[in-house]
Amino acid sequence: MRCSLLCKSSPYPIVSLTEGTSSRDFYSDLFLRHDLPFSPDVEVETIDQVLPAVRCNLGIGFVPREMLVAVPELTGVYPLTLDEPIAPCSILFQRKNQPLSIAAKHLRQMLLGDRSHEVKKLPTQ
């Protein structure tokens, strides 16, 4: 099945994470770049709750491909092929109150490269 973000109206509800998550912000920005509103019909707290919502026919959800481990015919969850592929991204989590070791600092620098200025701090609860 093919899905285009450029389709202005969709008969399919969207399942997404709640506001304040980096994944929600990513998809909201993606839709905004295509002049589309992003207003999910179903919101869940964690990414592992998206697939059960999709399995219950509550809508279309976005999850990493690695989460689709079973055969679609058995689960009822089918991957969509987008007209415009979504670029892969990496998320690095770091405890705010725990200093990094020298090795961890080096690994962080290797992972982020020259993108250390792009680090986005999540709100604390």
Side-chain angles (χ1 to χ4, degrees):
M1 181 184 292
R2 296 194 66 76
C3 179
S4 174
L5 286 177
L6 299 178
C7 177
K8 295 291 184 192
S9 62
S10 173
Y12 305 105
I14 294 178
V15 178
S16 176
L17 293 174
T18 57
E19 287 188 32
T21 62
S22 57
S23 293
R24 168 73 176 253
D25 293 344
F26 173 80
Y27 289 111
S28 182
D29 291 342
L30 178 66
F31 276 64
L32 185 62
R33 285 195 307 266
H34 291 281
D35 297 321
L36 296 171
F38 186 70
S39 54
D41 302 277
V42 178
E43 294 182 346
V44 296
E45 292 290 326
T46 62
I47 193 71
D48 61 327
Q49 294 173 332
V50 173
L51 280 178
V54 170
R55 281 189 194 105
C56 290
N57 293 321
L58 296 178
I60 294 173
F62 302 99
V63 295
R65 183 172 297 281
E66 292 78 20
M67 291 184 75
L68 302 175
V69 293
V71 178
E73 292 78 16
L74 296 178
T75 63
V77 176
Y78 294 84
L80 298 175
T81 302
L82 299 176
D83 290 339
E84 179 181 326
I86 296 174
C89 64
S90 299
I91 298 175
L92 175 68
F93 290 95
Q94 176 182 334
R95 289 189 181 145
K96 158 171 110 167
N97 58 352
Q98 183 175 356
L100 294 176
S101 68
I102 293 172
K105 286 180 185 176
H106 184 69
L107 176 61
R108 180 177 186 258
Q109 183 61 35
M110 285 174 39
L111 293 172
L112 294 176
D114 291 333
R115 299 178 304 160
S116 58
H117 63 280
E118 295 178 18
V119 173
K120 182 178 182 180
K121 296 191 179 193
L122 299 175
T124 57
Q125 296 182 2

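Both backbone and side-chain heavy atoms feed into the values below; hydrogens, waters and symmetry mates do not. Along the sequence shown, residues are numbered consecutively beginning with 1.
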Would you name the heavy atoms of Thr18 and Glu45 that are closest together and state the gap between them?
-> CG2-OE2, 3.5 Å
Gap between atom CG of Asp41 and atom CD1 of Ile60 - 0.5 Å precision = 10.0 Å
Going by the angle between their ring planes, with limits at 30° and 60°, are Phe31 and Phe62 parallel, tilted or perpendicular?
-> perpendicular
Answer whether the closest heavy-atom distance between the side chains of Glu19 and Ser28 falls below 4.5 Å.
-> no
Kindly give the heavy-atom pair with the smallest separation between Ala53 and Val15, and that separation in Å.
-> CB-CG1, 3.8 Å
For Glu73, does the CD atom have more than 12 heavy-atom neighbours from other residues, nucleotides or ligands under 6.0 Å away?
-> yes
Can you name the nearest heavy-atom pair linking Ile47 to Pro64, along with the distance?
-> CG1-CD, 4.2 Å
If you measure from NZ on Lys105 to CG on Leu100, what distance do you get to the nearest 0.5 Å?
-> 6.5 Å
Look up atom CG in Asp29 and atom CZ in Arg24, then write down how far apart they are to the nearest 0.5 Å.
-> 11.5 Å
Search all heavy atoms of Gly61 against all heavy atoms of Val54 and return the closest pair with its distance.
-> N-CG2, 3.5 Å
With rounding to the nearest 0.5 Å, note down the distance linking CZ in Phe38 to CG in Leu30.
-> 9.0 Å
Which atom names give the shortest non-hydrogen contact between Thr46 and Leu17, and what distance separates them?
-> C-CD2, 3.3 Å
